[in-house]
Protein chains: 2
Amino acid sequence: MSKSIKKEFNRENLLNQGVNLFMNQGYHGTGLQEILDAVNVPKGSFYNYFGSKEDFGADVIQHYTEPFITQLTAHLNNSGADALGAIRCYFDELIVELEKNEFKGGCLLGNFMGEIGDTSEVCQKSLQSAVKRYRDLLQLGLAQAQQQGTVRLDKSAEEMADLLVNTWQGALLRMKIEKSSAPIKQCCQDLLGDYFRS
Amino acid sequence: MSKSIKKEFNRENLLNQGVNLFMNQGYHGTGLQEILDAVNVPKGSFYNYFGSKEDFGADVIQHYTEPFITQLTAHLNNSGADALGAIRCYFDELIVELEKNEFKGGCLLGNFMGEIGDTSEVCQKSLQSAVKRYRDLLQLGLAQAQQQGTVRLDKSAEEMADLLVNTWQGALLRMKIEKSSAPIKQCCQDLLGDYFRS
DNA sequence: TAAATAAATACGACCGGTCATATTTTTTTA
DNA sequence: TAAAAAAATATGACCGGTCGTATTTATTTA
């Protein structure tokens, strides 16, 4: 009993540190040892929790995504009659967080798509499902906004959600090398503040 | 004389293979040995050509970018009175090429921005300059299209060029995990075929 | 005590980078 | 111009360290 609690505790810690280190140093740039040291788990124990580094990576992807889904869902639920405002508000929060981090890291999903999105089948599957969940939620919000009359009807919510996700990811890459939040702010303004408006 | 020719030959080969391997396996996922084997250059010789792996990476970035600048410039020069058409035509060619590669690799600039864009100062500088060159060229084309009346005037060419670059990069990431050209086609249609039009 | 889980250790392969030495190429000198 | 000296380039063995993983040992749990 106390053991399985510890096991879950270690697993959770490993996933949290995996998110941090993978996001800032990339998949191949981060060694297992580094993650294990950060959470004081012996090297030999790792394979009791995860099948391989690759499997671990796939789990980290899902673990990373969860809070974003939760956060966006909360905004949409509390938005009342302004789903578009909720989406803008959600992204504004992300921007604040990214500025806090001085534009380092960006988004684990984007970084992993670029680095291992086409070489690790396991992680590719995980990325597909994570991005789809996220995209679907944005699509839901945009569809609500369409019903509320704030977003144009002549483009599908799905198409706009995809465009938003993709432009956001590209803007995050620019942010990282320009060390500026201008690209991600521009992304929100261009799409949510202009192109999507009815 | 014949020696310095060989030197340039080796350098060029190393850069070419560097582009290939870095693009498909990432920076940390590619060892120097792998590149050296591919071009039959001994390990010890590498450091006669480049100061370090990091410096090499920065040079690879520039080497990768050159052909894209050339290709886009050519399209713009031959476009006559339809700069927007030239840009679309250019991206269509890129799409064909990406489909040929079965959506593997994507864009080295995007991949590197995500993986090492905020950890390697040398490569960050190189990425900044490469992306700026590319963005500026697109901006020039869009400004021409504005003068020709095919592109809206109420947004600056610079802003649109940035949006195009960013959305394209994000769409490439999606392409990699979806193994489909739909995202990049959608990018062109949404921006060049709709949002930018006057 | 038997089975299951955790931890320690061991493993070979590979990492980026260095170095002394060998070979050219270039420059200087006669 | 020919010989000698100096500088530049080429090379592969080798460095310490780290990689991801397998195997072995110790510890819990049932």
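Throughout, a chain's letter reflects where its sequence line sits, starting with A, and its residues are numbered from 1.
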ask   = Which part of the nucleic acid does Lys53(A) contact within heavy-atom distance under 4.0 Å: base, sugar-phosphate only, or nothing?
value = sugar-phosphate

Sugar-phosphate only, base, or nothing, as touched by Phe46(B) at under 4.0 Å among non-hydrogen atoms = nothing

query = Does the pair Glu93(A)/Arg88(A) count as a salt bridge with the N-to-O cut at 4.0 Å?
reply =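 Salt bridge between Glu93(A) and Arg88(A), a charged N being under 4.0 Å from a carboxylate O: no.
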
By nearest atom, which of the nucleotides [options] is closest to the [X] side chain?
X        : options                   : value
Tyr47(A) : dG20(D), dA7(C), dC15(C)  : dG20(D)
Ser52(A) : dA10(D), dG17(C), dT21(D) : dT21(D)
Leu32(B) : dA7(C), dC15(C), dG17(C)  : dG17(C)

key: Ring centres under 6.0 angstrom apart (Phe56(B), Phe46(B))   = yes

inquiry  = For Phe68(B) together with Tyr90(B), are the ring centres under 6.0 Å from each other?
reply    =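 No: the rings miss the under 6.0 Å criterion.
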
Under 4.0 angstrom between Tyr49(B) side-chain N/O and dA10(D) OP1 or OP2 =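 Yes.
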
inquiry  = Under 4.0 Å from OP1 or OP2 of dA7(C): is there any side-chain N or O of Ser45(A) that close?
reply    =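 Affirmative; the distance criterion is met.
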
Using whole Å, report how far [atom1] of [X] lies from [atom2] of [N].
X        : N       : atom1 : atom2 : value
Glu54(B) : dC15(C) : CD    : P     : 18 Å
Glu34(A) : dT18(D) : CD    : P     : 10 Å
Leu14(A) : dA6(C)  : CG    : P     : 12 Å
Lys43(B) : dT18(C) : NZ    : P     : 11 Å
Asp37(B) : dG12(D) : CG    : C1'   : 13 Å
Phe50(B) : dT18(C) : CZ    : P     : 16 Å
Gln33(A) : dA10(C) : CD    : P     : 15 Å
Asn48(A) : dA8(C)  : CG    : C1'   : 12 Å

ask   = Where along residues 17-31 of chain B does a heavy atom come under 4.0 Å from DNA chain C, residue by residue in number order?
value = Thr30(B), Gly31(B)

task = Take Leu164(A) and Phe91(A) through the side-chain contact (heavy atoms from CB on, under 4.5 Å) test and state the conclusion after the steps.
result = CA-CA 11 Å; Leu164(A) 180 54; Phe91(A) 276 104; 3.7 Å; yes

query = Are the side chains of Tyr64(A) and Asp59(A) in touch, meaning some heavy atoms are under 4.5 Å apart?
reply =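 No. Closest side-chain heavy atoms not under 4.5 Å.
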
key: Main-chain N/O of Cys123(A) paired to Glu54(A) side chain as donor or acceptor, under 3.5 Å   = no

message = Are there over 12 heavy-atom neighbours, none belonging to Gln33(B), within less than 6.0 Å of that residue's CD?
response = yes

